[in-house]
Amino acid sequence: MLMFNNLIDGEWLSDGARAPNVNPSDTKDIVGEAVRGTRAQAEAAIAAAKAAFPAWSRSTPQARYDILKKASDEILARKDELGRLLSREEGKTLPEGIGEVARAGQIFAFFAGECLRMAGEKLASVRPGIDIEITREALGVVGLITPWNFPIAIPAWKIAPALAYGNTVVVKPADLVPGSTWALVDILHRAGLPKGVLNLVIGRGSEVGAVLLEHPDVAAISFTGSVATGQKVAAACIASRPMKKFQLEMGGKNPLVVLDDADLKVAVECAANSAFFSTGQRCTAASRLIVTAGIHDRFVEALTERMRGLKVDDAVKAGTDIGPVVDQSQLDQDLKYISIGKDEGAKLAFGGELLNRAAPGFYLQPALFTGVANTMRIAREEIFGPVAAVIRVKDYAEALATANDTEFGLSSGICTTSLKYASDYKRNSEAGMVMVNLPIAGVDYHVPFGGRKGSSFGAREQGRYAAEFYTTVKTAYTMP
Ligand code: NAD
């Protein structure tokens with residue numbers, strides 16, 4: 001049995017209450033046992049990170065590079081084993097789990113390089129004889145609060161830049177999936193991080209998370225999760241003395257537009273991948289398929305056929321396309337929205353029923369609604385499951401207006417062979433990430449990630465843009 005313990009000031013701590021980490025593909029399978037961190041442990045972790053900050057923020061770029069690169073090498077070397085752990089605890093398929101671990105390894109390699117590339121600017125002053133230097137400095141202790149749906153990639157894309165730019169860290173993963181973050185922290189610890197630089201406190205948001213939000217020694221919070229929690233995070237960061245810098249990555253209701261001139265095969269693959277892979281549990285998932293009238297019926301028929309061929313089964317079983325829903329409460333939410341969709345008058349064209357497999361798990365046949373109006377709740381609220389809504393529109397103009405008619409703005413896509421419509425959509429889509437003829441859920445790791453409107457707040461994550469959040473700018477004037 002794996003024991004997921006807390007790392008505080010360089011020591012693994014196993015004391016306190018524990019909770020089982022249950023495999024959603026087989027609820028009889030206990031992946032491991034996780035500690036339930038306390039307020040006192042969160043406070044100790046913050047104190048350790050504060051004490052470690054002066055030395056770490058002044059460490060050489062080479063020292064930071066060496067540790068991050070070593071961690072990257074180990075993550076990549078162990079991607080199959082760690083991918084299995086991830087798939088067992090979260091329920092995404094084994095190829096998806098291994099892919100996510102590989103992504104975490106690549107992120108650490110990228111930010112290892114960034115340690116060596118930190119640059120400033122030197123300008124002449126508008127006043128005679130004065131030099132101006134603009135440099136970036138670390139913030140201090142940063143608190144990282146992560147969701148359950150990317151148990152290693154999201155912690156990686158927060159921890160790697162935080163450390164690369166010289167901050168010290170307290171990370172609190174979602175208590176549903178503590179194993180992958182624990183494995184990542186273990187690798188970084190053994191790669192040679194000085195004690196206190198990276199601390200792991202597994203536990204409840206209302207307990208451990210709340211301490212991070214309130215504590216005066218935490219300079220900044222990077223949060224990914226739901227809108228409801230994000231709003232609490234923002235309010236707490238503003239109320240704290242001193243106020244904290246914060247960034248929020250939250251929900252989505254992402255549109256994929258399919259125009260009459262689209263390549264049908266491409267459109268169906270983009271829709272199936274974006275809406276249903278990873279069990280639809282991606283903030284970038286396409287949950288609104290906005291389809292023009294001329295292709296609508298052919299698209300629905302071909303997508304339904306594709307869905308019929310998708311194998312929903314144990315996440316680690318060979319040939320599984322879609323794993324289980326993460327837990328009972330998310331499954332209840334998915335079923336609730338399927339019932340809301342029917343009550344609202346949408347037609348359940350395919351799926352939506354519970355499935356029995358060899359072991360007891362949270363298996364749901366992906367669901368497709370047609371006849372959906374963009375005003376219905378299933379078109380407006382984030383479901384976070386394998387449930388997609390087809391909205392029929394008459395032309396491109398209505399498609400664009402419908403795509404933008406949402407409180408969210410994370411990712412968005414269009415399938416078309418027209419350069420004119422593709423260009424117009426890229427320009428006018430109110431989303432942080434726009435894809436043309438591609439699944440809208442997949443992104444690269446060396447470019448900015450994030451959204452607008454109700455999906456995100458603050459600086460972008462990933463790529464070189466991560467420096468915007470994890471550093472503060474200093475302007476120094478010198479009269480030589
Ligand atoms: P959640 O908001 O329930 O929890 C996220 C994290 O916040 C967890 O670690 C949780 O323990 C913690 N938390 C909860 N209450 C807290 C509190 N009062 N104070 C401090 N911390 C608290 O979200 P979830 O269910 O884990 O994840 C699903 C959500 O995440 C979806 O809405 C999804 O769209 C979103 N998400 C967004 C992105 C993105 O980049 N935009 C990526 C992945 C997931």
Step-by-step side-chain contact (heavy atoms from CB on, under 4.5 Å) determination, Val197 to Leu188: CA-CA 10 Å; Val197 170; Leu188 281 155; over 6 Å; no
Step through it carefully: locate the ring centre of Phe223, locate the ring centre of Phe246, and say whether they are under 6.0 Å apart.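 Between Phe223 and Phe246, the centre distance exceeds or equals 6.0 Å.
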Between Trp157 and Phe110, is the ring centroid distance below 6.0 Å?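 When the ring centroids of Trp157 and Phe110 are compared, they turn out to be at least 6.0 Å apart.
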Within the 3.5 Å criterion, strictly below it, is a donor on Gln281 or Asn149 matched to an acceptor on the partner's side chain?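 Per modelled atom types, Gln281 and Asn149 side chains form no pair under 3.5 Å.
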Step through the shown structure and confirm whether more than 12 heavy atoms of other residues, nucleotides or ligands are within 6.0 Å of [atom1] on [X].
X	atom1	value
Lys453	NZ	yes
Phe449	CZ	yes
Glu301	CD	no
Lys347	NZ	no

Can a salt bridge be assigned to the pair [X] and [Y] using a cut-off of 4.0 Å between side-chain N and carboxylate O?
X	Y	answer
Glu81	Arg84	no
Arg452	Glu430	no
Lys69	Asp73	yes

Determine which pairs satisfy salt bridge (Lys or Arg N to Asp or Glu O under 4.0 Å) with at least one residue from residues 386-415, sequence neighbours left out, and list them in order.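 For residues 386-415, and leaving out neighbouring residues, the salt bridge (Lys or Arg N to Asp or Glu O under 4.0 Å) pairs sorted by first residue read Asp297-Arg392, Arg380-Asp405, Lys394-Glu398.
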Donor-acceptor pair, side chain of [X] and main chain of [Y], under 3.5 angstrom:
X	Y	answer
Glu89	Ser180	yes
Ser456	Gly451	yes
Lys245	Thr471	yes
Arg288	Thr402	yes
Arg88	Pro24	no
Asp263	Val266	yes
Thr181	Pro151	yes

Does Tyr396 form a side-chain contact (heavy atoms from CB on, under 4.5 Å) with Asp424? I'd like the steps, not just the answer. CA-CA 10 Å; Tyr396 170 72; Asp424 190 84; 2.7 Å; yes
Interatomic distance, [X] atom [atom1] to [Y] atom [atom2] [nearest 0.5 angstrom]:
X	Y	atom1	atom2	result
Arg357	Tyr363	CZ	OH	8.0 Å
Asp186	Leu82	CG	CG	9.5 Å
Gln462	Tyr445	CD	OH	10.5 Å

May I have the list of side-chain donor-acceptor pairs in residues 162-171 shorter than 3.5 Å, sequence neighbours left out?
{"from": "Asn167", "atom 1": "OD1", "to": "Leu139", "atom 2": "N", "distance (Å)": "2.6"}
{"from": "Asn167", "atom 1": "OD1", "to": "Gly140", "atom 2": "N", "distance (Å)": "3.3"}
{"from": "Asn167", "atom 1": "ND2", "to": "Ala162", "atom 2": "O", "distance (Å)": "3.0"}
{"from": "Asn167", "atom 1": "ND2", "to": "Tyr470", "atom 2": "O", "distance (Å)": "2.9"}
{"from": "Thr168", "atom 1": "OG1", "to": "Ala49", "atom 2": "O", "distance (Å)": "2.8"}

For residues 252-261, dump all side-chain donor-acceptor pairs below 3.5 Å to protein atoms at least two apart in sequence or in another chain.
{"from": "Lys253", "atom 1": "NZ", "to": "Ile378", "atom 2": "O", "distance (Å)": "3.0"}
{"from": "Lys253", "atom 1": "NZ", "to": "Glu381", "atom 2": "O", "distance (Å)": "2.8"}
{"from": "Asn254", "atom 1": "OD1", "to": "Ser411", "atom 2": "N", "distance (Å)": "3.1"}
{"from": "Asn254", "atom 1": "ND2", "to": "Cys283", "atom 2": "O", "distance (Å)": "2.7"}
{"from": "Asn254", "atom 1": "ND2", "to": "Ala285", "atom 2": "O", "distance (Å)": "2.8"}
{"from": "Asp260", "atom 1": "OD1", "to": "Thr292", "atom 2": "OG1", "distance (Å)": "2.7"}
{"from": "Asp260", "atom 1": "OD1", "to": "Gly294", "atom 2": "N", "distance (Å)": "3.0"}
{"from": "Asp260", "atom 1": "OD1", "to": "Ile295", "atom 2": "N", "distance (Å)": "3.2"}
{"from": "Asp261", "atom 1": "OD1", "to": "Thr416", "atom 2": "OG1", "distance (Å)": "2.7"}
{"from": "Asp261", "atom 1": "OD1", "to": "Thr417", "atom 2": "N", "distance (Å)": "3.2"}
{"from": "Asp261", "atom 1": "OD2", "to": "Thr416", "atom 2": "OG1", "distance (Å)": "3.2"}

